[in-house]
Amino acid sequence: REENMTQISLNMFQTAAIAMMLFVLGRFLTNRVEFLRKCCIPAPVVGGLIFAIVHLCLYLGGIVEFTFDSNVKDFFMTLFFTSVGYTACFRLLKKGGKKVITFLLVAIVMVCLQNVLSSILAGVFGWDLRLGLCTGSIPMVGGHGTPGSYGPLMEGMGIESANVIAIAAATYGLVAGSLMGGPTARGIINKYNLKSTESETGVELNDMSAADREKAERVDVDAFTNAAILLIVASGLGTLLTAALNGIEINIGNFHFSFTFPTYIGAMLIAAVIRNFCDAKHIVMPSRALDLWGNVSLSIFLAIALMSVALWQLASVAVAMIAMLAAQTIMMYFYARFVVFNIMGSDYEAAVMTAAFCGFGMGATPNAMANMQAVTKRFGPAPQAYFVVPLVGSLFIDFFNGLIITGFLNVLPIFG
């Protein structure tokens with residue numbers, strides 16, 4: 001069947017065009033379908049998932065398979081996280097620094113629980129206990145990037161099918177995390193009647209003069225141009241910083257660890273440095289324009305990410321894997337709803353972080369940001385959440401996840 005299947009490869013312009021049409025479709029549906037609107041399902045997720053389902057049907061029918069250019073997706077993903085970096089001011093850090101540590105600790109506990117649960121279920125179904133990790137934090141917290149590293153590594157250790165199972169689980173997590181976060185946060189917000197109390201851009205404007213406040217909020221050609229310059233320059237410099245960070249290695253006895261950071265982490269850090277330099281020099285940044293650029297970039301990126309999901313990778317998995325992923329989903333819901341929300345403060349910011357936690361705990365940090373965007377679009381801004389989540393999700397948790405996975409890979413053979 002695959003030999004007779006038509007293969008269509010789309011370049012970056014065609015990929016972006018389809019993504020935008022899917023975003024328009026998703027926005028149309030979320031504005032008119034009450035269930036989607038109330039549950040805060042992101043518009044690009046709706047449109048992208050519809051395309052993924054249609055693509056699955058075409059693939060299973062042996063008709064056509066699409067491949068997409070990933071450059072445009074990576075470009076807009078980097079622009080979005082660069083815009084997030086420009087929100088990281090020291091004043092906000094003073095307010096939310098403790099929450100960064102708390103959120104990180106909560107995430108570390110979740111990583112451990114995911115791997116314990118997956119290992120136990122692997123034993124129940126007669127799998128190699130280490131293979132169970134391919135439905136644990138490798139694909140869940142790790143997204144699609146970590147399976148790309150650990151899948152081949154585990155197969156080299158003699159653990160068969162590790163790569164395909166991890167990638168399939170990451171695909172499931174990407175979809176599940178996107179669908180779970182919004183409804184979970186909405187339920188919390190409505191139950192406790194929570195309200196946002198922050199400014200729309202997430203920037204503290206109360207200590208600004210009226211003229212500076214107006215300049216920061218301005219949306220015109222000059223503001224958009226300046227915002228584009230800031231984003232592109234920080235993104236370019238960030239690639240050099242990311243390359244330097246990824247070259248760091250730790251060797252302690254028999255322990256060896258190489259840092260692997262996502263491509264956008266350097267851009268985020270460069271943007272944060274520029275932001276705080278401007279604050280120190282009392283230079284007013286086009287905050288509102290940066291925020292709008294970020295929202296547009298996220299929508300484009302997420303539409304491409306969801307429409308590129310190969311759902312047929314899930315269609316071929318065993319019943320055991322489906323049960324294991326269902327168990328991970330149930331655990332994530334209860335952990336996010338009752339542990340994350342309460343520990344992070346039981347307020348509106350905590351509710352938004354709960355939605356985000358579902359996103360990056362089941363898929364990837366961009367899912368978390370999309371979940372937050374959908375919630376804040378309806379209920380109001382949550383600047384502390386926008387600061388805490390990407391910092392933990394894209395920087396710290398990847399490091400600890402790698403250490404924990406390595407520990408499990410070395411310890412589990414003792415029990416199995």
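Sequential numbering from 1 along the given sequence is applied to the chain's residues. Just so you know, these numbers use all the heavy atoms, side chains as well, and skip hydrogens, waters and symmetry mates.
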J.: By side chain to side chain contact (heavy atoms under 4.5 Å, CB included), which residues pair with Ala223, not counting sequence neighbours?
T.: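 Checked Ala223 against side chain to side chain contact (heavy atoms under 4.5 Å, CB included); matches are Asp220, Pro286, Ala289.
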J.: Taking ring-ring contact (aromatic ring centres under 6.0 Å, His included) as the test, write out the residues that go with Phe75, two or more places apart.
T.: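 With sequence neighbours excluded, Phe75 shows a ring-ring contact (aromatic ring centres under 6.0 Å, His included) to no residue whatsoever.
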J.: Does the side chain of Asn367 come under 3.5 Å of the side chain of Ser178 through a donor N or O and an acceptor N or O?
T.: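 Side-chain D/A pair, Asn367 to Ser178: present.
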J.: Carefully, step by step, assess Met331 and Met110 under the rule side-chain contact (heavy atoms from CB on, under 4.5 Å).
T.: CA-CA 9 Å; Met331 182 177 69; Met110 186 66 208; 3.5 Å; yes
J.: If you look at every heavy atom in Ala43 and Arg27, which pair is closest and at what distance?
T.: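 Taking Ala43 first and Arg27 second, the nearest heavy atoms are CB-N, 3.6 Å.
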J.: Any non-hydrogen side-chain atom of Leu29 less than 4.5 Å from a side-chain atom of Ile50?
T.: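 Yes, their side chains come closer than 4.5 Å.
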J.: Is there a donor-acceptor pair under 3.5 Å between the side chain of Glu65 and the backbone N or O of Gln7?
T.: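 No; zero donor-acceptor contacts below 3.5 Å.
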J.: Give, for atom CE of Met154 and atom CD1 of Ile165, the distance between the pair rounded to the nearest 0.5 Å.
T.: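 Separation between the atoms: 9.0 Å.
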J.: Take Phe341 and Thr184 through the side-chain contact (heavy atoms from CB on, under 4.5 Å) test and state the conclusion after the steps.
T.: CA-CA 10 Å; Phe341 174 67; Thr184 302; over 6 Å; no
J.: Spell out, as yes or no, whether a donor-acceptor pair under 3.5 Å connects the side chain of Ser196 to the backbone of Pro381.
T.: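 Judged by distance alone, yes, a pair lies under 3.5 Å.
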J.: With heavy-atom distances below 4.5 Å as the criterion, would you say the side chains of Met369 and Pro390 are in contact?
T.: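 The answer is yes; the side chains approach within 4.5 Å.
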J.: Could you please spell out the steps behind the side-chain contact (heavy atoms from CB on, under 4.5 Å) verdict for Ile63 and Thr6?
T.: CA-CA 6 Å; Ile63 300 172; Thr6 302; over 6 Å; no
J.: Test your reading of the model: is there a side-chain donor-acceptor pair from Thr354 to the backbone of Val340, 3.5 Å cut-off?
T.: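 It does not hold such a pair.
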J.: Report the residues that fulfil ring-ring contact (aromatic ring centres under 6.0 Å, His included) with Phe408, sequence neighbours left out, ordered by chain and then residue number.
T.: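 Result, ring-ring contact (aromatic ring centres under 6.0 Å, His included) vs Phe408: none returned.
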J.: Could you grab the distance from atom CG of Leu179 to atom CG of Leu49, nearest 0.5 Å is fine?
T.: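 Here the interatomic distance stands at 6.0 Å.
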J.: Using a 4.5 Å cut-off on heavy atoms from C-beta on, say whether the side chain of Leu133 contacts that of Leu412.
T.: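 In contact.
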J.: Begin with the C-alpha distance, continue with both residues' side-chain angles, and end with the deciding distance and a verdict on ring-ring contact (aromatic ring centres under 6.0 Å, His included) for Tyr192 and Tyr348.
T.: CA-CA 9 Å; Tyr192 297 105; Tyr348 176 75; over 10 Å; no
J.: Keeping to residues at least two apart or across chains, list the salt bridge (Lys or Arg N to Asp or Glu O under 4.0 Å) pairs with something in residues 319-332.
T.: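 Found none.
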J.: What pairs meet the salt bridge (Lys or Arg N to Asp or Glu O under 4.0 Å) rule with one or both residues in residues 221-246, with sequence neighbours excluded?
T.: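 Applying salt bridge (Lys or Arg N to Asp or Glu O under 4.0 Å) to every pair that reaches into residues 221-246, excluding sequence neighbours, yields nothing.
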J.: State, with a plain yes or no, whether a side-chain heavy atom of Met344 is found less than 4.5 Å away from one of Lys99.
T.: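 Result yes, sub-4.5 Å side-chain heavy-atom pair found.
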J.: Return the OG1 to CD1 distance between Thr67 and Ile8, rounded to the nearest 0.5 Å.
T.: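 The OG1 atom of Thr67 sits 9.0 Å away from the CD1 atom of Ile8.
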J.: Please give me the minimum heavy-atom distance between Ala351 and Ala185, naming the atom from each residue.
T.: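 Minimum heavy-atom contact is O-CB, 3.5 Å.
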J.: Is the side chain of Ser118 donor-acceptor paired with the backbone N or O of Gly132 at a distance under 3.5 Å, no angle test?
T.: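 Indeed, once roles are kept as given, a pair shorter than 3.5 Å links the two residues.
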J.: Short question: side chain of Gln114, backbone of Gly361 - any donor-acceptor pair under 3.5 Å?
T.: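 Checked: pair present.
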J.: Could you walk me through whether Trp127 and Met321 pass the side-chain contact (heavy atoms from CB on, under 4.5 Å) test, one step at a time?
T.: CA-CA 10 Å; Trp127 288 17; Met321 182 179 172; 4.0 Å; yes
J.: With under 30° as parallel and over 60° as perpendicular, where do the rings of Phe66 and Phe68 fit, or are they tilted in between?
T.: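 Rings of Phe66 and Phe68: parallel, under 30°.
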J.: Does Tyr335 use its side chain to pair, donor to acceptor, with the backbone of Cys358 at less than 3.5 Å?
T.: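 Answer holds: no.
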J.: Between Asp69 and Phe13, is there a donor-acceptor pair closer than 3.5 Å when you use the side chain of the first and the backbone of the second?
T.: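 No, the answer is negative, given that no donor and acceptor are paired below the 3.5 Å cut-off.
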J.: Using side-chain heavy atoms (C-beta onward) and a distance below 4.5 Å, is Met285 in contact with Leu230?
T.: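 Yes, close enough: below the 4.5 Å cut-off.
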J.: Once the angle between the rings of Tyr333 and Phe338 is folded into 0 to 90°, is it parallel (under 30°), tilted (30 to 60°) or perpendicular (over 60°)?
T.: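 If you compare the ring of Tyr333 with that of Phe338, the planes turn out perpendicular.
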J.: Kindly compute the distance separating CG (Leu292) from CZ (Arg288), expressed to the nearest 0.5 Å.
T.: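 If we round to the nearest 0.5 Å, Leu292:CG and Arg288:CZ are 4.5 Å apart.
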J.: Please examine the side chains of Ser83 and Leu231, heavy atoms only from C-beta on, and report whether any two atoms are closer than 4.5 Å.
T.: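 Of all side-chain heavy-atom pairs linking Ser83 with Leu231, at least one is under 4.5 Å.
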J.: Compare every heavy atom of Ala166 with every heavy atom of Pro139, then report the nearest pair and how far apart it is.
T.: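 For Pro139 versus Ala166, the nearest heavy atoms are CB-O, 3.3 Å.
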J.: Would you say that Thr78 contacts Thr82 through its side chain, given a criterion of any heavy-atom pair below 4.5 Å between the two side chains?
T.: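 Yes, close enough: below the 4.5 Å cut-off.
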J.: For Met307 versus Ile18, what's the shortest heavy-atom pair and its separation?
T.: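 Scanning both residues completely, I find the closest heavy atoms to be SD-CG2, 3.8 Å.
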J.: How would you list all residue pairs meeting salt bridge (Lys or Arg N to Asp or Glu O under 4.0 Å) that involve residues 126-142, not counting sequence neighbours?
T.: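 Output for this query lists Asp128-Arg130.
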J.: Calculate, to the nearest 0.5 Å, the distance between atoms OG and CD1 belonging to Ser137 and Ile404 respectively.
T.: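 Reported value, rounded in 0.5 Å steps: 6.5 Å.
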J.: For the side chain of Asn276 and the backbone of Ala272, is there at least one donor-acceptor N/O pair under 3.5 Å apart?
T.: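 Yes: the side chain of Asn276 pairs with the backbone of Ala272.
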J.: Is the ring pair Phe224/Trp293 parallel, tilted or perpendicular, if the boundaries are 30 and 60 degrees?
T.: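 Because their plane-to-plane angle lies in the 30° to 60° range, the rings of Phe224 and Trp293 count as tilted.
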J.: When rounded to the nearest 0.5 angstrom, what distance separates CG in Leu79 from CG in Asp74?
T.: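 If we round to the nearest 0.5 Å, Leu79:CG and Asp74:CG are 11.0 Å apart.
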J.: What's the shortest heavy-atom distance between Ala355 and Val375, and which atoms?
T.: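 Shortest heavy-atom separation between Ala355 and Val375 comes out as CB-CG2, 4.1 Å.
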J.: Side-chain contact test, heavy atoms from C-beta onward, threshold under 4.5 Å: evaluate it for Ile300 versus Phe23 and give yes or no.
T.: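 Sidechains of Phe23 and Ile300: no contact.
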J.: Indicate whether the side chain of Thr329 and that of Tyr172 have a donor and an acceptor atom separated by less than 3.5 Å.
T.: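 Yes.
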J.: How close do Ala327 and Leu121 get, heavy atom to heavy atom, and via which atoms?
T.: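 Here Ala327 and Leu121 meet closest at CB-CD1, 3.6 Å.
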J.: Pick one: which of Asn115, Leu113, Ile108 meets side chain to side chain contact (heavy atoms under 4.5 Å, CB included) with Val111?
T.: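 The residue from Asn115, Leu113, Ile108 that satisfies side chain to side chain contact (heavy atoms under 4.5 Å, CB included) with Val111 turns out to be Asn115.
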